[in-house]
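Working notes, structure below.
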Amino acid sequence: MKTPFSKHPLSRYLLLALVLVISSAWQQKKDRSQLDSLLQKVDLLIDTYALDSATIVLDQALDRALHLVDSSSIRRIYGDMGYVQNLIGEYEASISNYKSAYAYAEGLRDSSLMVAFSRSIGLNFQRIGLHAVALDHYLKSLELTKNDPDKELLADLYNSIGVLYQQNNEPEASMDYLRQSLALYSNIGDQAGVAYAYHNMAINFQQKNELDSCIHYNAMALDQKKMLGDLRDISSTLNNMGEIFLDRSLLDSAYAYLQEAYSIHRQLNEPESMAISYNNFADYWVKKGDYSLSGKYLDSAAHIIQEIQTKELAIKNTALKVQLYEKTNRFDQALYTYKIWDSLKTDLFMEEKIQVQELGNLYLLREKEFEKEQVAQQANLFEIKSAQFQTTSILLGVVGILLTLFSVITYRNLNTQKQLSEKISHQNSVIKAQQVEIRHRTSNSLARIQTVINAIRRKATDSGTKSELVQAGRILQTAASLERYLYDVEDEFEVPLAEYLSGLLDHHREIFQLENNGTQITLNCPASVILPVNQILSLAIILDEWLRNSTKYAFSKTEKPLILIQIQEENGTLGLHYHDNGSGLTANHRPGTGTGLIEKFALDLNAILTTENDGGIHHSIRFNIQSKKTKTHL
């Protein structure tokens with residue numbers, strides 16, 4: 001006798017709920033298996049240094065882990081992303097991913113991984129030159145390791161903090177941490193760590209001008225490095241000791257170390273190392289009084305430096321040449337070389353100053369972008385969790401007993417989601433205002449730098465240096481005007497070219513009026529042409545140089561000077577034609593600094609550049625418009 005199947009509606013709903021639960025569990029198991037497979041593949045790709053492929057697989061794994069709301073796997077993937085980007089030199093992206101990994105580790109209360117991620121963030125900031133920020137993260141890592149028994153990790157942290165205090169010119173604080181790292185390295189038998197601790201302590205004593213202690217610790221570092229056998233580390237310490245003995249005029253002792261370092265440099269056959277040795281030998285022979293031999297070493301070093309373009313070595317080389325010329329009574333050459341030395345020092349100072357300001361502004365901008373990404377990520381996770389909860393609620397809602405509970409929970413979720421959306425909207429408006437403020441600061445920084453350049457130009461005696469500084473001031477003026485224009489521009493990849501150039505040309509017309517210059521400028525540019533910021537800046541600098549050349553050289557014999565600028569855009573290619581009715585190029589015209597500047601920025605645009613005499617001068621430039629990059633958000 002067969003038992004009839006119940007046709008009661010409740011039985012059907014229960015059976016449907018059971019089928020859905022089993023199907024959901026099976027799909028989740030399948031997704032988990034795919035995620036594990038992707039993570040294994042990532043480990044293999046990183047071990048074989050296939051970093052580009054590893055990045056692609058990590059993106060796929062992150063999507064899968066976010067769908068599963070697997071916090072442990074998400075934390076691991078962000079950590080691997082930060083590691084891969086650190087290896088390929090994308091330090092800012094590495095910082096962003098390590099911060100995400102730290103946030104998940106903090107949520108999981110995994111203190112050991114919090115230490116590792118905080119230290120990695122500090123290392124990335126150290127690599128991009130923000131030493132004070134890096135120090136904050138290292139100290140935060142040290143605070144987290146107070147109860148950690150890992151002596152090797154603690155020793156590495158002490159050593160890194162000591163180096164950062166050293167770079168911030170705080171030798172006493174640096175020595176405290178370096179001594180603690182040395183004690184731990186010695187305790188665990190880490191010879192490489194001991195060598196680096198001795199080396200860093202020697203640098204501190206050199207900064208304090210305590211040269212006897214500096215030599216002592218360098219000698220101890222050298223003994224350790226010779227046991228380890230790394231030729232580059234050995235030659236570095238040998239050079240340091242040779243230079244210290246040179247400074248103290250202990251020439252015989254200095255020569256032994258310099259000669260040993262030179263032998264290693266010849267074996268390594270690295271140009272920069274050879275230039276260092278030649279500079280040191282030149283210094284040695286100047287002090288010994290063999291000026292002819294010193295000059296030969298200086299020439300050899302200068303030849304290598306010219307090829308590798310290293311300003312630090314060039315500065316030392318020119319300083320030694322000044323000494324040599326003064327010793328041999330060639331004072332005219334000494335004065336000329338001293339001017340070159342002063343120019344190199346000024347260039348290096350300005351480069352470092354501008355780089356520090358750019359890094360500071362970039363760091364502030366990155367911090368705001370990271371906050372925005374965190375908010376977007378939280379919203380995304382909330383949506384995923386909300387979707388999963390709604391699915392579960394539907395399954396439970398099939399059973400009539402839980403229908404009321406399902407309705408209440410769904411209402412609360414929607415209300416919470418609405419509140420979060422309002423919070424995100426508010427935070428986005430705050431971030432936008434902060435980005436505008438950063439642009440304002442950047443514009444002010446450019447103006448201050450331009451003031452510094454003008455001050456240096458007024459003091460400079462060399463006409464070539466003055467010309468270069470004038471060009472630099474013009475570039476900064478153009479960049480500052482672009483920054484001010486961008487205050488109200490939301491998308492940096494969609495800046496209207498006609499609107500910006502109209503403002504730039506109005507500025508030139510005002511200058512003409514002040515100078516009683518009757519030059520007329522006409523611009524024909526379609527309003528539909530848009531360019532990204534980087535291409536607009538390069539084009540503006542080129543156009544500015546053409547305008548200044550016309551007004552400076554072309555119109556001396558022209559009654560009604562005219563300049564016509566025509567721009568067309570076709571199939572993603574921009575063409576700009578610049579005409580003036582001046583005297584055109586003369587037969588004996590020679591390209592100058594301005595021409596080199598134009599060619600440099602044309603190369604940045606990957607543009608085709610031509611110049612013709614056509615009833616005046618006719619410049620034309622043609623390049624492909626850079627397309628807008630695709631942006632993705634978690």
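Remark: the backbone N or O of Ile521 is paired with a side-chain donor or acceptor of Arg509 at under 3.5 angstrom. At distances below 3.5 Å, not a single donor-acceptor pair connects side-chain atoms of Asn124 with backbone N or O atoms of Glu92. No donor-acceptor pair under 3.5 Å is formed between the side chain of Gln166 and the backbone N or O of Asn169. Formation of a donor-acceptor pair under 3.5 Å by the Asn613 side chain with backbone atoms of Gly584 is not found in this model. A donor-acceptor pair under 3.5 Å links the side-chain atoms of Gln535 to the main chain of Gln626, judged by distance alone.
Crowding of Asp47 atom CG: a count of heavy atoms from other residues, nucleotides or ligands under 6.0 Å exceeding 12. Atom CD of Gln207 sits in a crowded spot, with more than 12 heavy atoms from other residues, nucleotides or ligands closer than 6.0 Å. Summarising the local packing, CG of Asp52 is surrounded by 12 or fewer heavy atoms from other residues, nucleotides or ligands at distances under 6.0 Å. Taking a 6.0 Å sphere around CD1 of Ile608, one finds it holds 12 or fewer heavy atoms contributed by other residues, nucleotides or ligands. At most 12 non-hydrogen atoms from other residues, nucleotides or ligands lie less than 6.0 angstrom from CZ of Arg232.
The pair Asp136-Lys140 does not count as a salt bridge, with every side-chain nitrogen at least 4.0 angstrom from each carboxylate oxygen.
Closest non-hydrogen pair, Ile46 versus Ala54, comes out as CG1-CB, 4.1 Å. Among all heavy-atom pairs drawn from Ser550 and Ile563, the shortest one is CB-CD1, 4.1 Å. Smallest separation of non-hydrogen atoms from Gly82 and Asn97: N-CB, 3.8 Å. Listed here is the closest heavy atom pair of His137 and Ser118: O-OG, 3.1 Å. Residue His265 comes nearest to Ser273 through the heavy atom pair ND1-O, 3.1 Å, listed as atom of the first residue, atom of the second, then distance. The two residues Tyr578 and Trp546 come nearest to each other via the heavy atoms OH-O, 3.2 Å.
Between Leu505 and Leu547, some side-chain heavy-atom pair lies under the 4.5 Å cut-off. Contact check for Leu501 versus Ile565: no side-chain heavy atoms found under the 4.5 Å cut-off.
A side-chain N or O of Asn239 and one of Asn280 form a donor-acceptor pair less than 3.5 Å apart. Residues Asp580 and His619 bring no donor and acceptor atom of their side chains to less than 3.5 Å of each other.
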